[in-house]
Amino acid sequence: MSVARPLLSIVIPAHDEEHGIPWMIRAVADVMARLAYPYEIVVVDDGSRDATFERAAECAHAGVTVRAIRLSRNFGKEAALCAGLEAARGAAVITIDADLQHPPSTIPRMVEAWERGARIVHGVKRSRGDERWYATARAKLVNALIGRLGGIELRNASDFKLLDRQVVDVLVHELPERHRFYRGLAQWIGFEQACVEFDVAPRRVGVSHWSLSGLVGLAWTATVSFSAAPLRVVGYLGVLTLLMGLVIGGEAIWSWANGIAVSGFATTIMTLLLIGSFVMISLGVIGEYIAKIYDEIKHRPPYVVACRREPPDAAAADAPGVDAATVRSTGAAGGIRAI
Ligand code: UDP
Ligand code: MG
């Protein structure tokens, strides 16, 4: 007698992916058909300006269980992943990009690792595909920064992951923070973890949405949410300026004691400017942490759902009262995400 296999969820965050999303859903469906697990595909349309939502919802009529969720505006990939994890109902949830850069053909290896007992399976980039050298350098720099300051090893890490239901529940219900860094949290959370390597495929259609400022913002969010190291650097700067003050002050006293007129107007100005800059930078860093605390205590949800389109059976199984224009929040009150 065969034992019924549990449901798997595939969560796809998508922003302006109207041309790629039907290919993506088809590719996932082809792979999943060979796996003999029931599955659902959860597409989170992250405020696209094109017909991503409609294209995704159309695929639901093509014999594939697609649940399409439309966010009320572009909240960013982290928020979209959060929405997908909250909506997913599977015993394991796979998060994968919409642009086919995370090859769906890797999913069976991830599921195998999960069957062998891993609670989290990380997709690790073996090669970065045809990425331009400056994009690779930029990503490496950001990862190095996060690794150094935030204390998380992110080399070749990706958002292509499989999470067991137990892990998803912790992320969704037990982490109250709103500003999340998915890649970092998936490592921080513990449990048995495994890695599966994959080669980054070229983007099928469309363009990457990451700008340099977006990446720097992500690196900063990651660092601030994982570490107080920048605040410690502020303290080190204070010690450095104190030492400089002692040396310069000592020299001034020595000159005065020896009857040499204190000279060095330029040195004084430079020192004042230097110390002034250190103070301003330090205030800026402290301000960033205060801003994050302010954002967290406002308790705003990380995203707002504008509407959902689900097959009737999926909608029936959903939580009562959750329909169009539903606001979902992370944490204890609502049930996650932002790496
Ligand atoms: N994405 C999103 N919201 C955004 C930006 C991107 O949901 O604000 C999605 C995008 O549609 C894709 C995935 O996140 O499925 C990765 O985005 P992208 O390909 O731009 O990033 P890259 O591969 O360059 O890291
Ligand atoms: Mg991409």
Side-chain angles (χ1 to χ4, degrees), residues 74-79 132-155 157 175-185 187-188 208-300 302 338-339:
N74 179 233
F75 283 89
K77 185 182 178 185
E78 293 291 334
R132 299 279 171 84
W133 68 267
Y134 52 81
T136 305
R138 201 171 62 177
K140 283 190 173 168
L141 191 74
V142 168
N143 284 345
L145 195 72
I146 298 172
R148 190 110 201 120
L149 295 177
I152 340 156
E153 178 51 64
L154 287 181
R155 206 173 318 142
L175 298 185
E177 71 215 72
R178 272 138 183 85
H179 289 95
R180 301 183 181 203
F181 181 47
Y182 180 55
R183 268 177 233 189
L185 281 180
Q187 281 193 26
W188 170 88
S208 168
H209 301 99
W210 284 112
S211 60
L212 180 59
S213 59
L215 272 179
V216 171
L218 180 71
W220 185 246
T221 302
T223 305
V224 173
S225 47
F226 271 86
S227 147
L231 287 176
R232 242 167 268 133
V233 173
V234 168
Y236 298 148
L237 281 178
V239 173
L240 190 71
T241 45
L242 176 68
L243 290 178
M244 276 170 48
L246 286 177
V247 171
I248 295 170
E251 196 237 335
I253 292 172
W254 183 86
S255 305
W256 172 76
N258 288 285
I260 309 167
V262 177
S263 62
F265 181 71
T267 317
T268 312
I269 294 290
M270 295 242 333
T271 312
L272 275 178
L273 285 176
L274 199 66
I275 294 174
S277 325
F278 282 171
V279 171
M280 298 307 277
I281 292 170
S282 306
L283 282 177
V285 170
I286 296 167
E288 285 283 347
Y289 278 87
I290 295 175
K292 289 282 177 223
I293 297 169
Y294 178 55
D295 271 355
E296 290 289 337
I297 60 163
K298 277 190 285 190
H299 290 298
R300 283 197 193 147
I339 115 163

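Heavy-atom basis, side chains included; hydrogens, waters and symmetry copies ignored. Residues: numbered from 1 along the sequence shown.
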Shortest non-hydrogen contact between Pro302 and Ala79, atoms and distance
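So the minimum-distance heavy-atom pair works out to O-CB, 3.4 Å.
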Which side-chain N or O atoms in residues 236-243 pair as donor and acceptor under 3.5 Å with protein atoms at least two apart or in another chain?
| unit_1 | atom_1 | unit_2 | atom_2 | d |
| --- | --- | --- | --- | --- |
| Thr241 | OG1 | Leu237 | O | 3.0 |
| Thr241 | OG1 | Gly238 | O | 2.8 |

Taking the side chain as C-beta and beyond, is there a heavy-atom pair between Leu185 and Leu175 under 4.5 Å?
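Yes; the side chains approach each other to less than 4.5 Å.
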From the options Val233, Ile290, Val234, select the one residue that forms a side chain to side chain contact (heavy atoms under 4.5 Å, CB included) with Val285.
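Of Val233, Ile290, Val234, side chain to side chain contact (heavy atoms under 4.5 Å, CB included) with Val285 is met by Val234 alone.
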Listed once per pair and sorted, the side chain to side chain donor-acceptor pair (under 3.5 Å) pairs that draw on residues 278-294, sequence neighbours left out
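For residues 278-294: Trp220-Glu288.
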Set of side chain to side chain contact (heavy atoms under 4.5 Å, CB included) partners for Glu251, sequence neighbours left out:
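In terms of side chain to side chain contact (heavy atoms under 4.5 Å, CB included), with neighbours along the sequence ignored, Glu251 is linked to Ser255.
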